[in-house]
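Written out below as structure tokens is the structure these notes cover.
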Amino acid sequence: MGKFRIHPSVLEVAEIFKKHQKEVYLVGGAVRDLVRGQPAKDWDLATDARPEEVQAMFRRVIPTGIKHGTVTILYKCLSIETTTFRIEGSYSDGRRPDTVSYASSIEEDLSRRDFTMNALALELPEQRLVDPFGGQKDIKDRVIRCVGNPIERFSEDGLRPLRALRFAAQLKFTIEGETLKAIPLTIHITEKVAMERVRDEVDKILASEKPSIAFRLMETTGLLALLFPELQACRGVDQKGFHQFDVLDHLLLACDYAPKDKPAVRLAALFHDIGKPAVRDKDELGIWTFYRHEEVSAQLARDIMTRLRYPNSLMDQVCHLIAVHMFHYDDQWTDAAVRRFVVRVGESFLNDLFDLRRADTWGTTGREPPAALNQPLRDRIMALLAKNKALSIKDLAVNGEDLAQLGIPRGPIMGRILKELFETVLDDPEENRKEKLSLIARNLYEKLKQ
């Protein structure tokens, strides 16, 4: 039994390499996680075998990045990315190496990695740890440090600074001083990075326990102004009433509190007040107002997410939550008002909206919201839905075919009548009977004909 818990199939693959007299090492995040005492997720290998040799050793091999020396071995239940030892040439575009050439040793291969904690290798199957840059000590000290000169590392790939910030949030490590200082000095390289790559890092930040760690580091290094100028504009924008923080701190606190397993809610929490700087004004009493900020926030969120190439479906969810997040329930609401609220929000969005409201409340004071914060409204909604679920035009007791049989022509007039019938049912669900709605429809049509 070795020192680390390695998947049995990975060890079997390693034995096949050894049988062919080839070196093979576990590399990347798996080694970092194992050294941290955490289970490994991805199994990536580095080897002195060339891609064509790897293809000859195994029955199922996919040439995933063969021009860069990478293939993927499909072995039993695993997909194992395997790369020949390599060194990379200059990075003229700050995104990808101009040339890739094979290296002669694992140490030479590790020298091209970004951070010391990622420049570890575990020789297989013996499990000898190769650590030429002190990565094991940095992991123990919880430090993120570039391999070699940080300006050189960040100039090679402009995504690396964002990765450093992401690791700080994910692992709760600190960034070593010279590494942190190099980020603003290489920001012109980060500017060249494809937005899809930036988005992938942002998603990992949002899935961490406390995304604000990364976003605050973005602010201090200039990356926030580069990647999220709309968020940077929220710094120093003070608010009114119970708010203890400016808009940016409020948004970061809300994002931290939102459920990390709900990306749409986390993104909505991060952006829900992003329009406040644009609409801020003072009333006659000198109090700050932010009228219709939710509409502007939803539009700015769509602009940001479009820029980052998010899928339309997620964009629509996030922007809808932002657009409807301003509601002020009290027990004076009529049943009709509650039904209209459900229709406006959408039944499928209610739980997410209530999660967003709790996050918004936490971000206002930095204190845990009351356990029953949304409960009175939830109870009203549940009671009304149990009685009647006419929450869209398709739930009406009549449809277009029924109205056509009454002599009402299809088109704008029929659409208008159906909307009026729906409003009638929202006011009083007892009206949702075919005979009653048919009578109302006839009367409406006679009026509209005049």
Side-chain angles (χ1 to χ4, degrees), residues 1-18 22-49 54 57-58 60-62 64-65 68-86 106-107 109-147 159-160 162-173 200-201 203-209 214 260-261:
M1 185 80 168
K3 178 182 174 186
F4 301 108
R5 292 177 65 88
I6 311 290
H7 196 288
S9 295
V10 175
L11 293 174
E12 288 177 28
V13 165
E15 291 288 357
I16 294 169
F17 275 94
K18 288 295 179 182
K22 294 296 180 182
E23 295 178 37
V24 67
Y25 296 82
L26 186 65
V27 292
V31 185
R32 182 187 69 237
D33 291 339
L34 290 169
V35 169
R36 290 175 57 235
Q38 301 296 316
K41 302 178 193 72
D42 300 312
W43 304 100
D44 296 335
L45 300 178
T47 179
D48 61 347
V54 178
M57 285 184 221
F58 297 92
R60 295 187 298 158
V61 179
I62 302 171
T64 40
H68 295 120
T70 300
V71 295
T72 299
I73 300 168
L74 302 179
Y75 187 86
K76 295 188 175 176
C77 60
L78 295 182
S79 296
I80 304 171
E81 192 171 280
T82 307
T83 303
T84 305
F85 300 156
R86 69 187 191 190
I106 186 62
E107 288 81 5
D109 179 276
L110 294 175
S111 70
R112 71 181 176 82
R113 308 270 168 168
D114 50 8
F115 308 115
T116 60
M117 64 180 184
N118 295 333
L120 296 164
L122 195 63
E123 187 174 12
L124 297 178
E126 299 89 343
Q127 297 202 30
R128 176 180 68 89
L129 190 66
V130 181
D131 181 13
F133 302 103
Q136 196 170 11
K137 182 179 185 303
D138 282 344
I139 289 172
K140 183 182 175 186
D141 295 341
R142 305 177 70 80
V143 169
I144 299 164
R145 184 194 314 271
C146 277
V147 171
L159 193 69
R160 284 175 172 172
L162 195 56
R163 279 170 55 81
L165 273 50
R166 184 253 291 181
F167 283 127
Q170 274 186 331
L171 306 177
K172 297 192 174 121
F173 282 18
D200 290 344
E201 291 300 315
D203 284 343
K204 291 171 185 174
I205 289 168
L206 290 170
S208 66
E209 199 68 42
K260 70 176 185 177
D261 60 344

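Here the straight-line distance linking atom CD of Gln170 with atom CZ of Arg163 works out to 9.5 Å at 0.5 Å rounding. To the nearest 0.5 Å, the span separating SG on Cys146 from CG on Asp114 amounts to 7.0 Å. The CD1 atom of Ile80 lies 11.0 Å from the CG atom of Asp42; values are rounded to the nearest 0.5 Å. For the atom pair CZ of Arg166 and CG of Asp203, the computed distance is 11.0 Å after rounding to the nearest 0.5 Å. To the nearest 0.5 Å, atoms CD (Glu123) and CG (Leu129) are separated by 10.5 Å. A distance of 6.5 Å separates CG of Leu124 from CG of Leu45, quoted to the nearest 0.5 Å.
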Stepwise side chain to side chain contact (heavy atoms under 4.5 Å, CB included) test for Met117 and Ile144:
CA-CA 7 Å; Met117 64 180 184; Ile144 299 164; 4.1 Å; yes

Verdict with reasoning, Arg86 to Asp109, per side chain to side chain contact (heavy atoms under 4.5 Å, CB included):
CA-CA 5 Å; Arg86 69 187 191 190; Asp109 179 276; 4.1 Å; yes

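With contacts defined as side-chain heavy-atom distances shorter than 4.5 Å, the pair Ile6/Leu122 qualifies. Within the 4.5 Å cutoff, no side-chain heavy atoms of Arg142 are placed close to those of Leu171. Put simply, the side chain of Val13 does not reach to within 4.5 Å of the side chain of Thr82, judged on heavy atoms. Val71 has its side chain out of reach of Phe58: every pair of non-hydrogen atoms, C-beta onward, lies at least 4.5 Å apart.
Evaluation of the side chain to side chain donor-acceptor pair (under 3.5 Å) rule for Lys137 yields Asp141 as partners, not counting sequence neighbours. Applying the side chain to side chain donor-acceptor pair (under 3.5 Å) rule to Thr64 yields the partners Thr72; only residues at least two apart in sequence or on another chain are considered.
Of the candidates Thr70, Asp44, Thr47, Thr70 is the only one forming a side chain to side chain donor-acceptor pair (under 3.5 Å) with Thr83.
Taking both residues in full, the closest heavy atoms of Ile205 and Ala214 are given as CG2-CB, 3.7 Å, listed atom of the first, atom of the second, then distance. Contact record, Ala49 with Met57: CB-CE, 3.9 Å, taken as the closest heavy-atom pair. Nearest heavy atoms, Phe85 versus Ala46: CE2-C, 3.7 Å. Nearest heavy atoms, His7 versus Trp43: N-CH2, 3.6 Å. The two residues Ala119 and Phe133 come nearest to each other via the heavy atoms CB-CD1, 4.0 Å. The shortest heavy-atom contact between Pro132 and Leu110 is CD-CD1, 3.8 Å.
The environment of Lys18 atom NZ is dense: over 12 non-hydrogen atoms of other residues, nucleotides or ligands sit within 6.0 angstrom.
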Scan the side chains in residues 23-36 for donor-acceptor partners under 3.5 Å anywhere in the protein, sequence neighbours excluded, and list what turns up.
{"from": "Glu23", "atom 1": "OE1", "to": "Tyr25", "atom 2": "OH", "distance (Å)": "3.1"}
{"from": "Arg32", "atom 1": "NH1", "to": "Asn118", "atom 2": "OD1", "distance (Å)": "2.6"}
{"from": "Asp33", "atom 1": "OD1", "to": "Arg36", "atom 2": "NH1", "distance (Å)": "3.4"}

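Between the Asp138 side chain and the Thr116 main chain, no donor and acceptor come within less than 3.5 Å of each other. Under the 3.5 Å distance criterion, the side-chain polar atoms of Gln127 are matched with a main-chain donor or acceptor of Phe4.
A salt bridge links Lys76 with Glu12: the distance from a Lys NZ or Arg NE/NH1/NH2 to an Asp or Glu carboxylate oxygen falls below 4.0 Å.
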